[in-house]
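Report on the structure given below.
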Amino acid sequence: MLFNSLNFAIFLPIVFLLYWFGTNGKLKYQNILLLISSYFFYACWDWRFLFLLMFSTLLDYFTAIKISNTKNLNFKKTWFWLSISINLGFLGLFKYYNFFAESFSIALKNIGLHVNPWTLKVILPVGISFYTFHGLSYIIDIYKERIKAEKNFIDYSLFVSFFPLLVAGPIERATHLLPQIQKKRSFCYAKAVDGLKQILWGLFKKVIIADQCADYANQIFNNSANYSGSTLLLGAVFFAFQIYGDFSGYSDIALGTARLFGFDLLRNFAFPYFSRDIAEFWRRWHISLSTWFRDYLYIPLGGSKGSTWQKIRNTFIIFIVSGFWHGANWTFIVWGLLNALYIMPSILFKTNRTNLEIVAKGKYFPNLKDLFFIGMTFSLTVFAWIFFRAENLGHAMQYLSQIFSKTLFSIPSKKPIYLFVLIFLFIVIEWIGREGEYALENLFKNQRRVKRWSFYLFISILIFLFQGKQQEFIYFQF
Amino acid sequence: MKTFIKNVIIYISLFFGLVLLIELSTALIINRHANFKFELKPKYLVLGHSHPECAFNDSIIYKLKNIARSAEPYYYTYFKLKKVLEQNSSIETIFIEYTNNQINPEMDDWTWDDEHISSRYVNYSPFIPLNHQFILLLNNPTGFFNAFSYSNKSKFINIVKEDYDYTNKLGGYLYLVRDKTDSILKNTSKIDPKNSITISKTNISYLEKTIELIKRHKKNVFLIRSPQHPKCVDYKNETIYKHILFSRFNDVEYLDFSNFPLSNSEFGDLEHLNHKGAKKFSIWFNKLIKDGLLLKANKQEFININIQKNKKTIL
């Protein structure tokens, strides 16, 4: 069930009404209803993988209790590693097994040995990377004694499976979401309206920006040999907007949906394309994953403490793992490596925390310096996105070599004027709203209802007109 | 909570009101300006799906316009014809393909399934009244909503571009190059006659509506069956096919060209003529019209005699 589908448009109001009217305001019933709805939501993709989700939930629930209850360090370690191994084992099996088997086979072929590797012929269970990371953070937090094991199975299951975040995040932490699950929730008008506004903006990003850009980005990337350098560059820029609109749009819908039920999920995007350096970009892009890696990988490895060599090592590890998390393909690893290279100077020269403030806060326009650095950062990310989008490394190299040819200075063969207008409109709205949590949060806030609603209706009509065929969200494949 | 629900309902009502306004106003503008007038001033018109689309080469047949279109069920043909008849008074005779597969239930799917609704509905939506659109909505709500929004965008763009010419969006002769008949025949088993009673309800009812429309315009109408390969699997429902023809369309003359003799290399596959077959058939059909086919009392007999007479030369 896609967030931008008719099915979800029917599902959401039903769950909403049952939640606020059918549970008598009782927390227990509310959580049970949300859990059943979440399992139904997940089963709409493939009911068979629901058992995998339930198994993963059961495993972490019981091992967490075992870890929490024992004083014996060896037992603790055993339960901890058992849970980590099984969680990562499933993820590895479904997501990475074929990649390793095929890479191993190619490596053997290069030394003259021919093997036909046995490969898995199953689809990747949707959301496995996300709910596995939920479980992992929970187990690690229990092991490190940051939190206590959750005894209520329904509450824990809901933490793992809450439908707005189940298939593509944000990657939640037990310390943040579990207390909200356990706390009595009552309806808040302002919060619900805010939720609807965020859903609307998420749909705008997905349907108007991501899906429209996808049409052109796909055409250009899939037939890259036939296009000029300038068209390929434009294709890469379209992909940059596609992936941002797609993923941040999904996150906005997820956060907005959760708000309708009284939950505040972790913020996942904070206007990353207005970043002035790569470190700032990574503080604003896929925040829940970046902070996950920071807290559970980078800091345990030593973070930015230690020798220069350790800093370099830690930075490369975190970005390579982050690239690999996205999928079993060398393109993602190179994408991660590139980002590590981009961020390295600021880590080494300790300038990675220079731009913590919102750009041009309280002003209408950025100054020339900020504008220049925003442009530079955007160009670097677009360059890296080429690897992320390419089918394989060969494709990425061919794409890049064609960009940096004489045809770079020709007029692009694709010039969708309407899309340029839409992207411009999008950038303007995001810029105006960059001080809020999402662009629409404070826009028209103190204006009369007629003005506000006219604007929202304009956005809704645009979404309706451009809806067309529903496209899946890119991050579902991760 | 009450205020929230009340406001949501008002917002949704306003939204749907606006959508309806866009739908009606764009349809009205397009209906007013849409051009369906053929420069050729045709006397004869061919309608249907891919079978006549590939069979009638209208550059060979005098004053004939082929506006058949692949995978087009009668539902869309009906609305297309309505506009064509309004603007083309030169048309005297209309040939509508009525072949074996057009009674199959899959034809109803072709009317509203995701694959077909997205292209067909978007093209003809300005000319389909809301009460008829309801059929699509009931049978495939998701597909309809997607196509509905896409059609509004397409109408909007057409208005902005002032693109009201529909004469090149109605279908037309398809020059089929492929020749897969021999390879298909190798893998085709014997045709088992089928007497199952499942038939396409919507498709057949729109054929009836189409015939009524033609009669209201006082034009001649014929149901035809284009040539198809003798081993075409569609023949399996021949008994039911004929039963429907005689029971529901007994007031319309039926011209059967299905046994027009052609070699395997003149078929694209078992159902469609390729360009070689279309050329041969169209030359023959043109002569048949010139020889006064439409004035004969027993037209099918005339067709059969001509097929037999020419069989030696054709083969």
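Reckoned from all heavy atoms, side chains included, excluding hydrogens, waters and symmetry mates. Labels below follow one simple rule: chain letters A, B, ... track the order of the sequence lines, proteins then strands, and each chain is numbered from 1.
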Subject >> Pair B:I5-A:F21, side chain to side chain contact (heavy atoms under 4.5 Å, CB included): steps then yes or no >> reply: CA-CA 12 Å; B:I5 290 176; A:F21 291 110; 3.5 Å; yes

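When each of B:T3, B:N152, B:N7 is scored by its heavy-atom pairs under 4.5 Å with chain A, the top score falls to B:N7.
In the displayed structure, B:L138 atom CG is contacted under 6.0 Å by more than 12 heavy atoms of other residues, nucleotides or ligands. Other residues, nucleotides and ligands contribute at most 12 non-hydrogen atoms within 6.0 Å of the CZ atom of B:F156. Counting non-hydrogen atoms of neighbouring residues, nucleotides and ligands closer than 6.0 angstrom, the CZ atom of B:F38 exceeds 12 such neighbours. Within a 6.0 Å sphere centred on CG of B:N168, heavy atoms belonging to other residues, nucleotides or ligands number more than 12.
You'll find the side chain of B:F4 reaches within 4.5 Å of the side chain of A:L260, heavy atoms only.
We find the CZ-OH distance between A:F464 and B:Y150 to be 13.5 Å, quoted to the nearest 0.5 Å. If you take OH on B:Y11 and CG on A:L200, they are separated by 5.0 Å, rounding to the nearest 0.5 Å. Of the inter-residue distances, the one linking A:R449 atom CZ with B:I10 atom CD1 reads 6.5 Å to the nearest 0.5 angstrom. Rounding to the nearest 0.5 Å places CZ of B:F15 at 13.5 Å from CH2 of A:W453.
Residues passing the side-chain contact (heavy atoms from CB on, under 4.5 Å) test with B:A68, sequence neighbours excluded: B:P52, B:E53, B:N66.
Nearest approach of B:K153 to A:L465, heavy atoms of both residues: CB-O, 3.0 Å.
Using a 4.5 Å cut-off between heavy atoms, B:V122 does not touch chain A at all. For a residue to count as touching a neighbouring chain, one of its non-hydrogen atoms must lie under 4.5 Å from one of that chain's; by this rule A:Y456 touches chain B with backbone and side chain alike. Neither the backbone nor the side chain of A:I10 comes within contact range of chain B; no heavy atom of the residue lies under 4.5 Å from a heavy atom of that chain.
Contacts between residues 16-33 of chain B and chain A, defined by a heavy-atom separation under 4.5 Å, are made by B:L18, B:V19, B:I22. At a heavy-atom separation below 4.5 angstrom, chain B is approached by A:F187, A:Y189, A:A192, A:V193 within residues 181-194 of chain A.
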Please list every donor-acceptor pair under 3.5 Å in which a side-chain atom of residues 414-422 of chain A meets a protein atom from a residue at least two apart or in another chain.
{"residue": "A:K414", "atom": "NZ", "partner": "A:Q219", "partner atom": "OE1", "Å": "2.4"}
{"residue": "A:K415", "atom": "NZ", "partner": "A:P412", "partner atom": "O", "Å": "3.1"}
{"residue": "A:Y418", "atom": "OH", "partner": "A:Q212", "partner atom": "OE1", "Å": "3.2"}

